[in-house]
Amino acid sequence: MSDLSLQRLAKTYDGHQAVRDVNLTIGEGEFVSLLGPSGCGKTTILRMVAGLITPTGGSIQIGGRDVTALPPNKRNIGLVFQSYALFPHMTVFENVAFGLRRKKERGSELESRVNEALALVRLDGYAERYPRQLSGGQQQRVAMARAIAPRPSLLLFDEPLSNLDAKLRDEMQIELKRLQRDLTITTLFVTHDQTEALSLSDRVCVMHDGIIQQYDTPEEVYRRPKTAFVASFIGKPNQLSGVVKGQSVEISDGVVLKPSSLDAKNGQTVDVFIRQEAVSLLAKGNMSSDAVAATIALRSFSGAQIQYVVRLSNGSELVVEAPSAASATNFEPGDTVGLDIRPDDMIVLPREG
Amino acid sequence: MTEQKPGFIVSSFALLVVFFLQLPVIVVVLASFSETSYLTIPPQGWTLDWFREVLTDSTYLNAIKISLILAVSATCLSLVLGVAASYAIARRMVPGSEALASFLMAPLAIPAVVIGVAMLQYFSLVGLRGGFVTLIIAHVVITVPYIVRSALASLSGMDVAMEEAARVLGADSFTAFRLVTLPLIKPGLVAGALFSFVVSMENVPVTIFLAGARQTTLPILIFTSVEMGVTPGVAAVSTLLIVATLVVLLLAERWTGFHRFV
Amino acid sequence: MVNLRSGLLLLAPLALVLVASFAIPLIMLVPTSFREYSPGHGIITDGWTIRNYLNILTDDYYREVVVRTAWLGISVTGLCLLLGYPVAYLIVRGNPRWRLPLVMLVIFPLMLNLVVRSFGWIVLLSNRGLINNLLIDIGLIERPLKLIFNLTGMLIGLTHIYLPFMVLMLVASLQNVPRDVEAAAATLGSSRFHIFRAITLPLTAPGIISGSILVFVLTISALVTPRMLGGPVYQVMATLIYDEYMQLLDWPSGAALSFSLAFATVLIIWLSSRMTKRWAGLA
């Protein structure tokens, strides 16, 4: 167990800066996700930490030891690959034993540690199978057992759940969380899936264009995004632009929003992000004075939720998600409704550039 | 709905063509057991004399021995050199991978007889013509493209993450190659080695310019003795080669699913 | 960088072998091809001449050999295509149970020693060979037909030798034709022959082209089969090079001829790879 620290870490490919002077510290036993769209540099960071690619600048420390110049086999890390990368010509036992054998473990000690790792991922009894005889979820567990068996000081995950179907992904997420709690190994988890990142991590590091946008707890990242990128990337927000007028934001043609806090000058152009679930639809009769009037344009039922596309008086459209419980009010296209937007859930950020 | 399938006429024609492909093989085997030195249908009398003649003739035995030693040494050397170079190219460890790959494959693009005369002139000049090592090197040049071709295909078809997984788990580059990469590319390498062996075993256009008097290989022996006229001994030794080829091909198919690599 | 250094170390041994015993020998043919040869004196080492190259274009005998080589290349390629396409079609579209045996029967002659295959055709085609004996026995002819040491023998032999390459190339490209496209054409009312002509054949064009290039290049480079089935008189470029070095000792002419042949094959391969690359870009 040890901490990870990146200092001014950078990687340039043929003039393209994939990672730009990234500083990041992960505490001992902490679970941190690198979250961002593909090409944001998150995988490049993970591969530099693993020693699979050489940084063009900066340094990497694991447990206070500078490993920047060390080859991967000298770093004592565990890595779970997106493709699992199980060795197809070896049994599950030999796959898990691979790292231990490199550490010169032999005999009964080797055997008990392999079995211990397999028990942790609940695959006892599968030791003699070959990877091709296992399901996707089981292969995923073998990959995890293989990574943790040598007791690495740092565990890395490269989009490990992206090859699983939705149901299995949810199961594996819970499994992962349990495993991490039991082992308390410092973990760096790379993903483009925000649900994964938010539910698993102690802290989430949102990246874009090779730069860290925000490094915070999942709640902070979700509730108080610091940049427009984070605000638009996390959740499924509607984005409106308007001008600050005193304590409110005027979108246009009399549509006025009143956020709870406003950190902008009078007359400044701002972006307002409103999450789909932060809006309640009110029937015509019980509309309050603050509610914004709108018309239902589309309705789409998806089980637990109903999504409505609503049109404001100025023509702009918002997506609103409402629970589909039988007791809830049901609207049809053409209905006039009031939008009740919780002031706390309006995120206002100054327009950049 | 009718599927696109070959009809009766197309199938029959195709089977006739496949028979045409086996025709010379069949007649060579028949001729090697025939009493007369020329072949008739039906053959007039059967004999094993030609095999006895070949297997007691030191010229044939020596040629077989030279050919085998040459083919085995050239293939082993090609394997080591070819796999190492292919690895550097496939893993982009050196710039200009594509141009380098073309260079390693270049001996396939130049007519063998041209390589033969070029080597004849060059090795005569530097005084190495007639040496057995020279002959082995020449065979490496003509066989290594087959190794490089299958090694490059196998290496690029393999998930690089496997090698990386081994490295992260504590294996140095060579251990990772030995324990993970090599077993995974082995079927392709076996196929490549088999091609290399066959190409060396049958080569005339390069060997004939370089081989010294005591280095007559089997194909050279058959090639030159046919110029003197057909002898049943040639048919007998050819039959031995046919049987050996058949056995090796079937074994290779069993072990590696050889036909996928052709 | 560590990676570059170990990469160079891995590459160097083979690169050195190929430079020292392939590239340099080839380059050293260049000066030889511009020397003059005088019978009885050998190679004249003072002064240069382009006559060796001019001869290839102007001398009647050389021109006959060059034209014959090219003609053989074209005919063998055409024959291989004609014979090979039905075989490839049967392999890919026929009964799946026949597939492996058929593929093995195509690979087997390919793996068999070239000299043995050519010898087989001598046994079949020579004056006292199987075919002539058979025809005389059943009274169809009185004197043996001349099937060997001429164009007929070479055509049969070379087609047989290179047919497997063509079949395997065509099998690969036929496998890439999506069945859905053919099915789509069928639902649109195409007859089976029309589907083949309008869909299958054009979609296998890349395989047809690359198979043809391969067979053509191999045919014009061939030495063993043309010599064994063509004899010492009926020459092609490769056998002429062989004789100029081994019998006539006219190395300068042989070198010029070698260069012309190698130039032709490399040019054809280069052009075709450029062409297929452009196609790959379109696909």
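Below, chains carry the letters A, B, ... as their sequence lines are ordered, and counting in each starts from 1. As a basis for the values below, the full set of heavy atoms in this structure was taken, side chains included, without hydrogen atoms, waters or symmetry mates. Because the structure is a prediction, the values reported are computed rather than measured.
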query = Between C:Ala20, C:Pro232, C:Gly231, which residue shows the highest count of heavy-atom pairs closer than 4.5 Å to chain B?
reply = C:Ala20
Throw together a table of side-chain donor-acceptor distances under 3.5 angstrom for residues 98-114 of chain B, partners on residues two or more places apart or in other chains.
from, atom 1, to, atom 2, distance (Å)
B:Ser102, OG, B:Glu98, O, 3.0

inquiry  = I want to check a possible cation-pi pair here: B:Arg129 against B:Phe209, using under 6.0 Å from ring centre and within 45° of the ring axis as the test.
reply    = no
task = Name the member of C:Ile156, C:Ile268, C:Val103, C:Leu124 that forms the most heavy-atom pairs with chain B at distances under 4.5 Å.
result = C:Leu124
message = Report which part of C:Leu102 has an atom under 4.5 Å of a heavy atom belonging to chain B: side chain, backbone, both, or neither.
response = side chain
key: Residue among C:Phe196, C:Trp121, C:Tyr85, C:Phe263 with most heavy-atom pairs under 4.5 Å to chain B   = C:Trp121
remark   = Bottom line for C:Leu82: the part with an atom under 4.5 Å from chain B's heavy atoms is backbone
request  = Name the orientation class of the two ring planes belonging to C:His160 and B:Phe20 (parallel below 30°, tilted from 30 to 60°, perpendicular beyond 60°).
outcome  = perpendicular
Part of residues 218-230 of chain C lying next to chain B, heavy-atom separation under 4.5 Å = C:Ser221, C:Leu223, C:Val224, C:Arg227, C:Met228
message = List the residues meeting ring-ring contact (aromatic ring centres under 6.0 Å, His included) with C:Phe22, not counting sequence neighbours, and say none if there are none.
response = none
inquiry  = Measuring only between side-chain heavy atoms, which start at C-beta, is C:Asp243 closer than 4.5 Å to C:Thr239?
reply    = no
task = Heavy-atom distances under 4.5 Å only: say whether C:Leu26 touches chain B with side chain, backbone, both or neither.
result = both
Contacting moiety of C:Leu163, where chain B heavy atoms sit under 4.5 Å = side chain
request  = Return the option, out of C:Thr200, C:Ile107, C:Val92, with the maximum number of heavy-atom pairs under 4.5 Å with chain B.
outcome  = C:Ile107
ask   = Side chain, backbone, both or neither: which part of C:Trp270 has a non-hydrogen atom closer than 4.5 Å to chain B?
value = neither
inquiry  = Can you tell me which portion of B:Leu125 sits under 4.5 Å from chain C's heavy atoms? Options are side chain, backbone, both or neither.
reply    = side chain
Cationic N near anionic O, under 4.0 Å, C:Arg93 to C:Glu182 = yes
message = Which residues in residues 255-262 of chain C have any heavy atom closer than 4.5 Å to a heavy atom of chain B?
response = C:Ser258, C:Leu261, C:Ala262
inquiry  = Out of C:Met104, C:Met246, C:Met28, C:Arg117, return the one with the most heavy atom pairs under 4.5 angstrom to chain B.
reply    = C:Met104
inquiry  = I'd like to verify something: which residue of C:Leu8, C:Val217, C:Leu100 has the highest number of heavy-atom pairs under 4.5 Å with chain B?
reply    = C:Leu100
Contacting region of C:Ile269 [heavy-atom separation from chain B under 4.5 Å] = side chain
